[in-house]
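Reading through the structure tokens given below for one structure.
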Amino acid sequence: MARRAPVEDVGDADLEVEERRTTAAGVPAVARALQMSVEQMGTVRSARTLLRLNQDKGFDCPGCAWPDPAPGERHVAEFCENGAKAVAEEATLRRVGPDFFAEHSIDSLRERSDHWLGQQGRLTTPMHKPVGAVHYEPVTWERALEIVARHLRELDSPDEAIFYTSGRTSNEAAFVYQLFVRELGTNNLPDCSNMCHESSGTALLETIGIGKGTVSLDDLVAADLIVVAGQNPGTNHPRMLSTLEAAKERGARVVSVNPLPEAGLQTFRNPQTVRGVVGSGTPLADRHLAIRLGGDQALFQAVGHLLVERGAVDRDFVDAHTSGFEAYAAARAEIDWPTTLLATGLTEDEIRAFASELEAADRVVVCWAMGITQHRHAVATIQEMLNVLLLGGHIGREGAGVCPVRGHSNVQGDRTMGIFERPADGFLDALDAEFGITSPREHGVDSVEAVRALRDRRAKVFFAMGGNFVRAMSDSEVTESALEAAELTCHVSTKLNRSHTVTGREALILPTLGRTERDDQLTGEQVVTVEDSMAMVHASRGRLAPASDTLLSEVAIVCELARRTLPASQVDWAGLRGDYRRIRTHISRVVPGFDRFEERIAEPGGFRLPLPPREREFQVEGGRARFTVNALEFPACPPGRLLLQTIRSHDQYNTTVYGLDDHYRGVKGGRRVVLVNADDLTELGLADGQVVDIVSEWRGVDGADELTERRAEEFRVVSYATARGCAAAYFPETNVLVPLDSTAKGSNTPTSKSVVVRLEPR
Ligand SMILES: Nc1nc2c(c(=O)[nH]1)N[C@H]1C(S)=C(S)[C@@H](COP(=O)(O)OP(=O)(O)OC[C@H]3O[C@@H](n4cnc5c(=O)[nH]c(N)nc54)[C@H](O)[C@@H]3O)O[C@H]1N2
Ligand SMILES: Nc1nc2c(c(=O)[nH]1)N[C@H]1C(S)=C(S)[C@@H](COP(=O)(O)OP(=O)(O)OC[C@H]3O[C@@H](n4cnc5c(=O)[nH]c(N)nc54)[C@H](O)[C@@H]3O)O[C@H]1N2
Ligand SMILES: [Mo]
């Protein structure tokens, strides 16, 4: 299994490790972001662009899905350091055109690191790799789209094509895209959500009837207790820190549950307030539970046991609005403390104190992200957290609820628009009625199944609306060979990435507009809409001149492709392309909650989609929120091995590596580090600074299969304050270690946060 990593990633000659930080943001953070913006965009363009970020009539930050405050409450600069980096990355003045591809063969690009590829700039021209060619060549839009259409028309079955989506795609583009794919005849619509919050959607849909969070920003500010589990907001959702700060000012307590002491949860210096600029900042987490990887289900079961035992149950709520309490209480009557302590790595006192905190709070919000969703037992873990909230009646109450914090800026909206391999029949019925088509009812493939389908030659065409599938997916080598087995790979992208270099027999790159850019169509300038992590829908208007005259919008690409692929289609594709308001009219008739869509996006701040659990309406059988009983699980780790989690550094956006520093964790000038607890290092006979290979060991889902090993070479060991038995390293470099078959039960999300590894000295 030893195809080497891209050359520039190995070695990291300039790598330095400093003391980790305990304070996030502040003015230095803004200075770092501005420096990156000016490097990519120049001074004037930086100022003009950043001032429109997240403003009414401006554009939505392409960074994360954290909501914007109400229009009257926004700061002049309503963005964060990492949002500014995401914008700089898109609005860069650097360009990748035909000359670039003439100079660099596809094989030579494959030797380059993710960082180098991303730094080359914006794609300007449709590019084609004909069968047998070693370079991409420029191609006209006409011909590029004809090539895709021909491949699609020639398939024996539409299920031989796979249509991936990454979560930056607007509602309008997502809606026409899924319409095209369903008219073509397949539900093969995997998306980045499959690797991300799928476990949250699955867990919540089964229990509260909707796969989304229930809180608003105001609820967070009004909460008494906010639990932040498995999330690193200082890096990945920095604007959330302002919300936590506001909540603390009102007296809220914050508990962080995390194997790492993340800087953003310790102290925050809000660069938008005087205190943050000149003062020492706000301490955010009142309690830090340094949990062992995958120990959260055990923690919440233990807390559930303590609350039941103490009678700390909101009986009125439980009786009126839930089902399954008796079975839950019976299951929680006993607790096995030794197993609980082993699974969590915490002390009984810590767990009891946390339970007391939950008992004392009238309004509790639980926030979570990838530290919870990317485990084998993620769905059960989320349901266990929900059980605890249900005990206290913390759903449908001001200041309380569930808050899965989404990643990509429109990943939630894409799902609402029907980007889903397992759509509900009701959605398809409405789509069919609106367009006079017959959507397939058979479920399609998710991201993991897409790799298998390509690997096993059941699928022949891989089309991606954004993203970087080969780097984002688990088991990099398996995923790469799967893509290479395709007849056609086609990527609609803003920037160059490794997925463009791992090609099928024939390949295309279709360059597209980004969120920051003006989108002119026949009827004039268009706006698009997005939905944030709290179900607020609002308009986004790009104002910058497009990176190149040749770019087409995602909507235009889909409509033109649909016209060519489905000549008999009754859908007015040209009309939809020319006027996005017509797409919104269709959406308002197909997707619940979008009535008067056009009117309501004109309102400042947009509108909130219906979230029935906020009114204590639960669209599950019996109309009651469900307590669930789940058998306790936690990842096993044999002696001499560690559990590895794969995470983001401060200088990356998923597979896009902006720079080589992880500021708060003190890592500089390189990424090939593995963070390990000092006591584990001693026990394993390893030393800080030593260079090792990380080798993952996998024996199949039930542990019964033959042992397989995967290797990531040359990582420097860093002694770090992580929970015992645990390690951390950055993805995408470590995705080579995550087995394709190692996925969460119920959601099939790769288990990127618990990989059994051994460290082999080199
Ligand atoms: N700047 C920037 N912003 C981003 C992104 C980015 O790459 N860069 N990515 C976006 C996307 S798509 C997403 S999904 C989000 C991701 O946002 P996060 O989920 O914050 O991202 P990760 O880096 O994966 O961090 C996982 C966190 O969970 C903790 N953790 C890991 N395992 C466990 C566990 O078993 N239990 C507990 N309690 N904690 C655990 C880790 O220590 C870490 O703090 O961010 C979004 N925003
Ligand atoms: N090991 C491990 N693997 C993981 C994770 C992990 O924590 N650990 N996290 C997972 C998660 S949470 C996610 S969400 C996935 C992310 O998976 P993806 O969404 O597939 O990956 P990104 O890195 O976000 O995609 C970046 C690319 O998107 C393109 N792009 C950017 N903006 C636009 C746009 O507006 N339009 C179009 N068409 N293209 C655009 C650019 O070409 C850029 O190179 O990775 C997953 N993979
Ligand atoms: Mo994500």
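Note that ligands are numbered from 1 as they come in the structure, with each ligand's atoms numbered from 1 the same way.
- Judged purely by atom type and a 3.5 angstrom limit, Ser113 uses its side chain to pair as donor or acceptor with the backbone of Trp116.
- Applying the side chain to side chain contact (heavy atoms under 4.5 Å, CB included) criterion to His663, with sequence neighbours excluded, gives Arg21, Arg32, His650.
- By the 30° and 60° cut-offs, the orientation of the rings of Tyr136 relative to Phe101 is perpendicular.
- Under the 3.5 Å distance criterion, the side-chain polar atoms of Glu384 are left unmatched by any main-chain donor or acceptor of Ala298.
- Near Ser493, the atoms of ligand 2 lying under 4.0 angstrom from a non-hydrogen atom of the residue are 39 (N), 42 (O).
- Per-residue contacts place Asn497 under 4.0 angstrom from the following atoms of ligand 2 (heavy atoms of the residue considered): 27 (C), 42 (O), 43 (C), 44 (O).
- Contacts of Glu554 with ligand 2, taken as heavy-atom pairs under 4.0 Å, involve the side chain alone.
- Applying the 4.0 Å criterion to heavy atoms of Tyr164 picks out, from ligand 2, the atoms 17 (O), 18 (P), 19 (O), 20 (O).
- Taking the six-membered ring where the residue is Trp, Phe463 and Phe163 present tilted rings, their angle falling between 30° and 60°.
- Counting the atoms of ligand 2 from 1 in the order shown, those under 4.0 Å from a heavy atom of Val492 are 37 (C), 38 (N), 39 (N).
- No side-chain donor-acceptor contact under 3.5 Å links Ser166 to the backbone of Gly466.
- Between the side chains of Ser742 and Thr751, at least one donor N or O sits under 3.5 Å from an acceptor N or O.
- Residues Ser193 and Glu198 have side chains that never bring a donor and an acceptor to within less than 3.5 angstrom of each other.
- Just one of Arg471, Arg671, Arg498 meets the salt bridge (charged side-chain N to carboxylate O under 4.0 Å, His left out) condition when paired with Asp114; it is Arg471.
- Between Asn654 and Gln652, the shortest heavy-atom distance links the atoms O-NE2, 2.7 Å.
- Below 3.5 Å of separation, one finds an N or O of Asn468 facing an N or O of ligand 2.
- Taking every heavy atom of Thr512 and a limit of under 4.0 angstrom, the matching atoms of ligand 2 come to 36 (N), 37 (C), 38 (N).
- If you look at ligand 1, the protein residues with a non-hydrogen atom under 4.0 Å away are Cys64, Asn82, Cys196, Gly230, Gln231, Asn232, Thr235, Asn236, His237, Val257, Asn258, Pro259, Leu260, Glu262, Ile291, Leu293, Gly294, Asp296, Ala369, Met370, Gly371, His375, Gly407, His408, Gln645, Ile647, Arg648, Gln652, Tyr653, Asn654, Lys753.
- Per-residue contacts place Gly466 under 4.0 angstrom from the following atoms of ligand 2 (heavy atoms of the residue considered): 37 (C), 38 (N), 39 (N).
- At a heavy-atom distance under 4.0 Å, atoms from both the backbone and the side chain of Thr494 approach ligand 2.
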